[in-house]
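No experiment lies behind these values; they were computed from the predicted model shown.
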Amino acid sequence: IMAKKKAATTAEKAHMSKVASLGCQACLKIGYEDTPCEIHHVREGAGAGQRSSHYRVIGLCHSHHRTGPDSFHGNRSIFIAQFGNELDLLELVNSQMGIK
């Protein structure tokens, strides 16, 4: 049985909205700005079976997140080779947001 997903707090929703406003991080790396994106929760570095924090998120467009040939959930090794790993992208997001 899956653990019930805890609802995001107002502060967490605000953070995720700001991250989404940055656009897809993979698209940014290849020169496309302001690509609409979905929120991807960073699992790297989280304990097994634990949910990732709503503050450990990156924005990825639908194609780079789930459906494209180089998507994170479709072909992780290609995604990482082209765009870096989750922690690299999280660092990039945090830098864009002024978070250390």
Residues that Y55 engages under ring pair (Phe, Tyr, Trp, His ring centres under 6.0 Å), provided they are two or more places apart: H15
For S17, enumerate each residue passing the side chain to side chain donor-acceptor pair (under 3.5 Å) test, keeping only those at least two apart in sequence or located in another chain. none
Side chain to side chain donor-acceptor pair (under 3.5 Å) against T9, all qualifying residues, sequence neighbours excluded: E12
Hydrophobic cluster membership, L28 vs I78, 4.5 Å side-chain cutoff: no
Are V57 and F72 linked, directly or through intermediate hydrophobic residues, by side-chain heavy-atom contacts shorter than 4.5 Å (ILVMFWY only)? yes
Over all atoms of both residues, closest heavy-atom pair of A20 and C37: O-SG, 3.3 Å
If you take all heavy atoms of C61 and C24, which pair is closest and at what distance? N-SG, 3.2 Å
Just how far is it from atom CG of L92 to atom CD1 of I58, taken to the nearest 0.5 Å? 9.5 Å
Once rounded to the nearest 0.5 Å, what's the spacing between atom NE2 of H62 and atom OG of S71? 9.0 Å
The complete set of side chain to side chain donor-acceptor pair (under 3.5 Å) pairs with one or both residues in residues 20-37, sequence neighbours excluded, reads Q25-Q96
Going through the distances and angles, do H64 and C27 end up as a side chain to side chain contact (heavy atoms under 4.5 Å, CB included)? CA-CA 8 Å; H64 285 125; C27 285; 3.5 Å; yes
R56 and H41: CA distance, side-chain angles, deciding distance, side chain to side chain contact (heavy atoms under 4.5 Å, CB included) verdict: CA-CA 6 Å; R56 295 185 73 220; H41 286 78; over 6 Å; no
Scan the side chains in residues 79-91 for donor-acceptor partners under 3.5 Å anywhere in the protein, sequence neighbours excluded, and list what turns up.
{"from": "N85", "atom 1": "OD1", "to": "L87", "atom 2": "N", "distance (Å)": "3.0"}
{"from": "N85", "atom 1": "OD1", "to": "D88", "atom 2": "N", "distance (Å)": "2.7"}
{"from": "E86", "atom 1": "OE1", "to": "E44", "atom 2": "N", "distance (Å)": "3.0"}
{"from": "E86", "atom 1": "OE2", "to": "H40", "atom 2": "NE2", "distance (Å)": "2.7"}
{"from": "E86", "atom 1": "OE2", "to": "R43", "atom 2": "N", "distance (Å)": "3.2"}
{"from": "D88", "atom 1": "OD2", "to": "N85", "atom 2": "N", "distance (Å)": "3.2"}

Strictly by salt bridge (Lys or Arg N to Asp or Glu O under 4.0 Å), give each pair with a member in residues 58-70 just once, sequence neighbours left out. E38-R66
